Protein chains: 2
Amino acid sequence: MAPIFLGTHDVKLDSKGRVSIPAPFRPLLSRQGFDGAVLFPSYKVDGAIEGCGMDFLNQLVDSVNSYELFSDAQEDFSATLFASSHQLAWDANGRVVLPEILIQAAGLTEKAVFVGNGKMFRIFEPKRYAAWQAERVQALKANPRPLPLGKPAAETTGGAS
Amino acid sequence: MAPIFLGTHDVKLDSKGRVSIPAPFRPLLSRQGFDGAVLFPSYKVDGAIEGCGMDFLNQLVDSVNSYELFSDAQEDFSATLFASSHQLAWDANGRVVLPEILIQAAGLTEKAVFVGNGKMFRIFEPKRYAAWQAERVQALKANPRPLPLGKPAAETTGGAS
DNA sequence: TGGGATCATGTGGGATATCATGGGTTCAGA
DNA sequence: TCTGAACCCATGATATCCCACATGATCCCA
């Protein structure tokens, strides 16, 4: 069963660059032999960090590998996914040290917010997250979308972004 | 589970032609009886060095050998892959000595950057890498690729380069 | 239903081990 | 005899690991 990341969790970012992985996320991320997460800058949402477990990353890798080795498509994912990803083990207290490049990418200072996103999660600077979320709510109000159950949702065309 | 090379790691190239293999890469490359990596000039990306472990090289060998012996494809791969590969053991500090021909191929001087690429990794001269990565990011923005999970992605044709 | 106890989680801090870098020595081969 | 490969040592910085404490959530009992 694929894990599902839910909820919004406020955490502190300390002077050593450490954050606590929210306790509900940890069992979803653990796998035998490795307690940690994979983080990379989102290319979909500016100012966000995407997070997932190694199992999900392996699914991504399998998907990328369905492109032939040395193909153009594989090149693009190399530059955006593998090269910018960080595999971080958490310590005995469930904390990871965020690389400076991710702290910069998300504009983090003293706090961060972990946001469940179903199969993955995101990490935002709290103020940026509030603004981003407000935009999403407005977008949904301006362009309401039904959510069919049991069958794939068709992407509606014509909308920007 | 196949190893996955992630992240971007800046290293020094010293006057003896030595570089440190980034510590996270070393367990992925180690195999019983041999601590080292296989490096060869990339035929796909000018100015890059491709790197992998012996296990992955064996997969490449099997793949190449699936072409008929003495066929043009097999000749091409043999000329670019086997003939120009270097198997380098690292020392007690995790360093290898880069052959001059690879240093020239990548245009390295004082620094290098190791870039994770899933099953393999690449070594670039930092400025060349920055330019190459900017191209890739632009290509992805101009020609966004979804990354479906669980089923093979069809290579789209007609794209430039 | 309320209060108390216990346990889990998050935060702060420090110590230690590892890693990256710089350098030197020795030996073998040309 | 010289050069280069292989091996080894030292040091500083950083990553990793571990401890302690406070707070809040949860559970149990009256």
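Residue numbers begin at 1 in each chain, while the letters A, B, ... track the order of the sequences. All heavy atoms count here, side chains included; hydrogens, waters and symmetry mates do not. A quick note: this is a predicted structure, and the numbers were derived from the prediction, not measured.
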Most 5' of A/Ile21 and A/Ser15 on DNA chain C, judged by nearest nucleotide: A/Ile21
Contact summary for A/Ser84 and A/Pro41, nearest pair of heavy atoms: O-CD, 3.4 Å
Touch class at under 4.0 angstrom, heavy-atom based, for A/Leu88 against every strand present: nothing
Side chain to side chain contact (heavy atoms under 4.5 Å, CB included) partner of A/Phe121, the single match among A/Ile49, A/Leu29, A/Val115: A/Leu29
Validation row, ring centre A/Phe82 to ring centre B/Phe5 under 6.0 Å: no
Parallel, tilted or perpendicular, as decided by the 30° and 60° cut-offs, for the rings of A/Phe25 and A/His9: perpendicular
Given DNA chain C, 5'-ward residue of the pair A/Pro22 and B/Arg26, judged by closest heavy atom: A/Pro22
For A/Arg26 against A/Trp90, the heavy-atom pair lying closest together: O-CH2, 3.4 Å
Per-nucleotide protein contact string for nucleotides 13-25 of chain D (B base, S sugar-phosphate only, - none; heavy atom under 4.0 Å): ----BBBB-----
From CD1 (B/Ile21) to CG (B/Leu28), nearest 0.5 Å: 11.5 Å
Pairs touching residues 82-110 of chain B that satisfy salt bridge (charged side-chain N to carboxylate O under 4.0 Å, His left out), sequence neighbours left out: B/Asp91-B/Arg95
5' to 3' contact window, DNA chain C with chain A (heavy-atom distance under 4.0 Å): C/dT9 to C/dG14
Heavy-atom pair with the smallest gap, counting every atom of B/Glu125 and B/Ala106: CB-O, 3.5 Å
